[in-house]
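One structure is given here, and the rest of the page talks about it.
Each ligand, and each atom within it, is numbered from 1 in the order the structure gives. Since this is a predicted model, take the numbers as computed values, not measurements.
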Amino acid sequence: MYTQEQTLQIKKLSEQLLQSTEKKNISVAIESLRKVLRFHEYRYYVMNDPLVSDFEYDQLYKLLEKIEEENPQLITKDSPTQRVGSSLNAGFETVQHLVPMLSLENSYNADDLIDWDRKAKELTGLDKIEYCIEPKFDGASISLIYENDILICAATRGDGVEGEDITNNIKQIRSIPLSAPFAEYGIQQIEIRGEVIMSKKSFTKYNDWLAEQGQSALANPRNAASGSLRMKDPKEVAKRNLEAFLYHVSYYIKDDRIKMTDDSKNVHSVNRQPSTVNLLNTHAGTLQLLWECGFRSPQKEKLVVHGIDEVIKHVHDFEEMRDTLPYEIDGMVVKVNDFALQDKMGMTTHHPRWAIAFKFKARQATTKLINVEFQVGRTGAVTPVAKLNPVYIGGVTVSSISVHNEEYIKEKDLKLGDHVLIERAGDVIPQIVKSLPELRDGTETEIEFPTHCPVCNSKLFKEETEAVWRCINIECEAQVVERIIHFVSKDAMDIKSFGEANVRKFYELKLLKDIPGIYHLDFNAFNSIEGFGKKSIDNLQAAIEASKQQPLHRLIYALGIRFVGETTAKTLANAIENLFDLQHKSEEELKQLEDVGVKVAQSIFQFFHNEQNIEMLYELQKAGLQFKNEKREAIAAGGLSGQTFLFTGTLAKLKRSEAEAMAEQHGGKIVTGVSAKLNYLVVGEDAGSKLEKAKKINTIKIITEDEFLQLVNQ
Ligand code: IVH
């Protein structure tokens, strides 16, 4: 047992030793430090009852690291710094996927499937295709690499090109074997893909536990699974009872030197029946191989059928019984079974052409509307939010839904106490379909709209042309907080690790009162905030510092000027050299800019003629934010200045949005249609009518993606 006091004493002694030239006691000090660290780890992880804060623990750990760095001969295998597997994940390393992790094309009805089958037949030249159908698991995709039978790396999907190394966490999932007998199949290295899921039962149990701890519930099993995979502590992951289905082999390396003996066949086999076929010729064979090697593949859940009619029947039958499954599925996946045909069909940059997801229909549920709360947004708009009896629907627990405005409430005939029908389709935000007036018992009451702001109590106003009521007090606390949240958000200044929860917390604690305050935070005051270790403070500080370099258009968007979205922000940034130039532009001048109409021009003009706003801008400039248009400076020096670009078809190397951003970064402009004003049409795979149209206009240069990249690099 080391009390906090004893811990600090040992820390102090070690620090002194580190600084002195006296090295003889260092091995004694290092061992006591380790003992202290092990003890506190035990208190934290095993007993769940820490005696020191994260910050204090970090300090001890860093001290040990430093002493070990200076005295490498004293490092022992069991030092807390040398842990593998069960240690905390100190941030996840990026891993490059050798084969990109693609997505799937979606279909929603029989016609979509018939269409897809027609294309498949055209591409393969066959008149009937063999398909393998399996559930579409609603979880988080993963990739596993086994080398010489050992799991060596597990990664998240990430953006499909790069994921994160989550090996330590994956090792906590018992349905994923740490070693598998691939050598028996002559396979030296293999990459397997699948889905990590949390069963409905574990999800409910986990949420009950969270509720007991006074923590808020997780929204759905999918979020629970993907959140768990990125947890710092693998032991926490272990507690969540995750499961995994593996359904795809993206590559494997055969090694003929591996000798297969009859004996070896009996060593690890789990579900194995000796097989003679080369399993890796068909999708169904792959599922069997994975099953034989001890993985949970949808071996029993899959069905191989001939032709699309049988597919349509099966997906509908399966939809009928989806609620009887112990886990969530959001549809079925139909795959061409024969790999030779799959190769013939190929893939786009987004999805394989040989597979399609059939998405199940939106699910509906009824619940009771208990209350309506009114929330004040960034621009003062007051939005009614319906509070419902929590109901589990389509994989999510829904307890509140925006009901937009007064007219919407009237249209849907909503009253307090009503039973309402709600619907959720896939990733779509849940909606109220209608109220159920036939279930009323007379106790229902009208939803009263407030006349005054629920936060600052000033009178609300509504413009004739608008449906929303607004609080026009610019200092209203709700608006101030929302404006700060918008400022730090991903598409605006993208201040990582700030986020909505932190903005609210800092505002409540009076550490932050307005946007410029972000750049004057008193970090010393943060030590006392729960959950804020040194590392989080360092990260936050670094992110705030980095945001000062954000380009001007992001800053303009971040200011939250009404009607100024990301596109208008870019137009404005391109039209000026310094942010303060906007102060001197008349409404007329603003209206000359593309996409800037009367309303937008008026709003921008008003913003730059408001004293408080100008004061805020001066403070931000003083804090060192980027007020100059760097791009214009770059254009002056050359680049693609004045050239217009349009992209068509599927690009092989870049995403469409990346290519457009690249063109813009070099001074080019993106246009939406083919006309004489277009300078370059960049053509990808399957380009259609735009290409045909462009060919008729002599002045347009038609170039490939590679030629575009060359142009940019010039
Ligand atoms: S096949 C190239 N099969 O759905 C192989 N994906 O919406 C592409 N998913 O990213 C994936 N169940 O994470 C495949 N049986 C299944 C699946 C499945 C779930 C996920 C997968 C994919 C996403 C696309």
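- Each of the atoms 10 (O), 13 (O) of ligand 1 lies under 4.0 Å from some heavy atom of S141.
- The proximity of P135 to ligand 1, defined as any non-hydrogen pair under 4.0 Å, is limited to the backbone.
- Between the E705 side chain and the K653 main chain, a donor and an acceptor come within less than 3.5 Å of each other.
- Between Y252 and Y185, the ring center distance fails the sub-6.0 Å criterion.
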CA sep, side-chain torsions, deciding dist, call: R353, E105, salt bridge (charged side-chain N to carboxylate O under 4.0 Å, His left out): CA-CA 8 Å; R353 290 201 189 87; E105 185 182 355; over 6 Å; no

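- The proximity of K335 to ligand 1, defined as any non-hydrogen pair under 4.0 Å, is limited to the side chain.
- Given atom 6 (N) of ligand 1, the protein heavy atom at minimum distance is Y247 OH, 3.3 Å.
- For F245, the ring-ring contact (aromatic ring centres under 6.0 Å, His included) test picks out F137, Y327, with sequence neighbours left out.
- Less than 6.0 angstrom separates the ring centroid of F358 from the ring centroid of H316.
- K302 contributes a side-chain N or O that, together with a main-chain N or O of Q299, makes up a donor-acceptor pair within less than 3.5 Å.
- Ring geometry for H248 versus W354: interplanar angle under 30°, hence parallel rather than tilted (30 to 60°).
- Inclusion of E195 in the set of residues having an N or O under 3.5 Å from an N or O of ligand 1 is warranted.
- Side-chain rings of F708 and F647 approach one another, their centers coming within less than 6.0 Å.
- Heavy atoms of F137 found under 4.0 angstrom from ligand 1 belong to the backbone as well as the side chain.
- Ligand-side atoms of ligand 1 in range of P352: 2 (C), range being under 4.0 angstrom from any heavy atom.
- Using a 4.0 Å cut-off between heavy atoms, L104 contacts ligand 1 through both its backbone and its side chain.
- Residue contacts with ligand 1, taken as heavy atom pairs separated by less than 4.0 Å, involve E134 solely via side-chain atoms from C-beta onward.
- Inclusion of K136 in the set of residues having an N or O under 3.5 Å from an N or O of ligand 1 is warranted.
- Under the 4.0 angstrom criterion, atom 20 (C) of ligand 1 counts as having a protein heavy-atom contact.
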